[in-house]
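Notes for the one structure printed next.
To find a chain, count down the sequence lines: A is the first, B the second, and so on, and within it residues start at 1.
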Number of protein chains: 2
Amino acid sequence: MSKSAAERRTRKRLVTRQTISDVATRLFFERGFDHVTIDEIAEAADVGRMTVFNHFPRKEDMFFDREQEMRDVAFAAIQTRDAGTSPIQALGALAHRLIEQPHPSYPLFGGTYLFVETALASESLKARARQMRDDFVRALADVLADAVNRPRDDPDAHLAASLIASVWSVAFTQAHELFGRKRDTNEASRIFLDLIDRGTVGIGAALAGTAYI
Amino acid sequence: MSKSAAERRTRKRLVTRQTISDVATRLFFERGFDHVTIDEIAEAADVGRMTVFNHFPRKEDMFFDREQEMRDVAFAAIQTRDAGTSPIQALGALAHRLIEQPHPSYPLFGGTYLFVETALASESLKARARQMRDDFVRALADVLADAVNRPRDDPDAHLAASLIASVWSVAFTQAHELFGRKRDTNEASRIFLDLIDRGTVGIGAALAGTAYI
DNA sequence: TACATAAATATACTGAGTATAGAAAGCAAG
DNA sequence: CTTGCTTTCTATACTCAGTATATTTATGTA
């Protein structure tokens with residue numbers, strides 16, 4: 001049982017991490033991110049205060065615990081696109097696919113409502129979300145440049161990446177707000193795809209003549 | 001001398017504020033934002049610690065002390081545009097005007113190099129800059145909607161505002177980086193206007209058929 | 001059993017930001 | 001000029017996130 005034994009420590013570590021994350025998420029949803037202290041989380045999870053920081057360097061990391069997954073879905077769509085499909089087209093197609101058959105790591109509107117509202121209620125969480133978006137844009141610029149064999153500092157790659165993030169961000173925000181007003185997933189999906197499609201057209205025009213379109 | 005006398009208190013207050021701002025800015029440039037404490041600023045400005053917070057609720061406010069002015073330049077360009085000129089066109093024209101005859105409140109590249117590098121070296125300052133951008137996008141959406149007599153929650157206004165912020169942000173960042181590499185203001189200006197122009201075309205395509213183009 | 005390593009923890013610290021009460025300065029009116 | 005009102009400034013004491021460091025406890029291996 002050497003393999004299982006060798007992993008017990010790792011398993012226990014992950015259990016501790018998950019416990020902290022679960023307890024913290026529950027408290028954040030109940031009382032709002034800003035009204036929960038690290039001490040309370042440590043107490044509720046029955047661990048020492050330093051253990052919390054050991055697993056989550058920043059308080060916000062307990063809330064945004066799936067950053068990487070969403071990012072990977074987008075990058076995979078670009079990297080595994082069919083020959084003859086441009087990166088921009090591939091991302092537009094991804095949006096439609098996500099609406100038709102939602103990805104488990106990428107839930108939309110109804111499924112994210114409480115999560116998004118909790119995030120929007122906290123300046124710290126909004127700040128962290130903006131930072132994540134920034135990091136995403138940087139990484140996306142690299143992926144785009146690689147995808148069409150251009151240097152990573154190609155200004156067009158950065159323009160494309162930034163515009164894509166804007167379009168997705170506005171589309172999601174508007175769909176979320178519409179869902180909040182009407183509680184209608186279909187209508188939210190419609191405005192989401194409409195904004196994505198019009199944005200995609202715009203990005204195509206801005207990048208016309210380059211390899212990204 | 002009643003008028004002058006009645007304003008002495010106000011004048012003194014502004015002097016105190018300016019002193020703090022000047023001292024803080026100097027320290028930030030010398031040693032980096034994150035390596036200057038509020039206590040040091042208070043000490044160097046010869047005021048009490050609470051006086052600093054009295055004038056600048058957040059540490060970052062001592063660095064970004066001209067947010068509003070830049071915002072006003074952009075909004076004025078939209079609101080005072082000629083009849084027959086669309087908001088998007090007016091902002092495109094503003095970019096060219098700023099390059100030809102730089103606005104005192106809106107210096108570009110060379111004039112902002114140290115300022116920008118200092119901001120980029122600090123996570124707190126970058127976070128504040130992102131927040132300012134977010135606020136700007138929200139306000140810009142309102143100005144755009146008002147300018148073409150559309151409701152302020154018009155999704156198109158938000159799409160336009162977000163795309164504009166992206167384009168300007170990328171254009172400025174790329175120009176700044178190019179200036180850092182080559183120390184050539186002309187080349188920086190060229191890439192800035194090129195990205196603005198291509199972005200403007202893209203925004204026009206995304207918003208085709210609306211009143212914003 | 002003995003040794004090595006990783007995880008958890010205790011303690012003490014830094015620094016931004018808040019709350020509050022009080023001191024000092026400016027100002028108006030008698 | 002002094003009395004009383006308002007604004008600005010300041011001192012004190014706090015909260016909370018995050019860091020540094022050393023120590024303990026649990027686990028894995030020889």
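Between B:R58 and C:dG17, a side-chain N or O to OP1/OP2 separation shorter than 4.0 Å is present. Between B:T51 and D:dT10, a side-chain N or O to OP1/OP2 separation shorter than 4.0 Å is present. Within the structure, every side-chain polar atom (N or O) of B:R13 is placed at least 4.0 Å from both OP1 and OP2 of D:dT7.
Look at A:D156 and B:R198 and you find a salt bridge, because one of the NZ, NE, NH1 or NH2 atoms lies within 4.0 Å of a carboxylate O, short of that distance. Between B:D65 and B:R17 there is a salt bridge, with a side-chain nitrogen of the basic residue lying less than 4.0 Å from a carboxylate oxygen of the acidic one. Using a 4.0 Å cut-off between a side-chain N of Lys or Arg and a carboxylate O of Asp or Glu, A:D72 and A:R66 do not qualify as a salt bridge.
With 3.5 Å as the limit, one finds a donor-acceptor pair spanning the side chains of A:S166 and A:R133.
Rounded to whole Å, the distance from CD on A:E123 to C1' on C:dA16 is 16 Å. Residue A:I20 contributes atom CD1, which lies 11 Å from atom C1' of C:dA7 at whole-angstrom precision. A:D46 has its CG atom 8 Å from the P atom of C:dT9, to the nearest Å. Atom P of nucleotide C:dT9 and atom CG of A:N54 are separated by 9 Å, given to the nearest angstrom. As rounded to whole Å, 16 Å separates atom C1' of C:dA16 from atom CZ of B:F56. Whole-Å rounding puts the B:F53 CZ to D:dT8 P distance at 19 Å. Between the CZ atom of A:R31 and the C1' atom of D:dC16 there is a distance of 14 Å, rounded to whole Å. Atom NE2 of B:H35 is separated from atom C1' of C:dA16 by 16 Å (rounded to the nearest Å).
In this structure, B:H55 reaches the sugar-phosphate backbone alone: every heavy-atom distance under 4.0 Å involves primed, P, OP1 or OP2 atoms, never a base. Heavy atoms of A:V36 sit under 4.0 angstrom from primed sugar atoms or phosphate atoms, though from no base atom.
Both A:T16 and A:R49 sit near DNA chain C, but only A:T16 has its closest nucleotide nearer the 5' end. Heavy-atom nearest nucleotides on DNA chain C were determined for B:K12 and for B:P57, and the one closer to the 5' end corresponds to B:P57. Residue-to-nucleotide proximity on DNA chain D shows that, of A:E60 and B:G48, the 5′-proximal contact is made by B:G48.
Minimum atom distance to the side chain of A:K59 is reached by D:dG18, of the listed C:dG17, D:dC9, D:dG18. With D:dT19, C:dA16, C:dT20 as the choices, the nucleotide that has an atom nearest any side-chain atom of B:I38 turns out to be C:dA16.
Between B:F109 and B:H176, the distance from one ring center to the other does not fall under 6.0 angstrom.
Between the side chain of B:R9 and the base of D:dT6 there is at least one donor-acceptor pair of N/O atoms closer than 3.5 Å.
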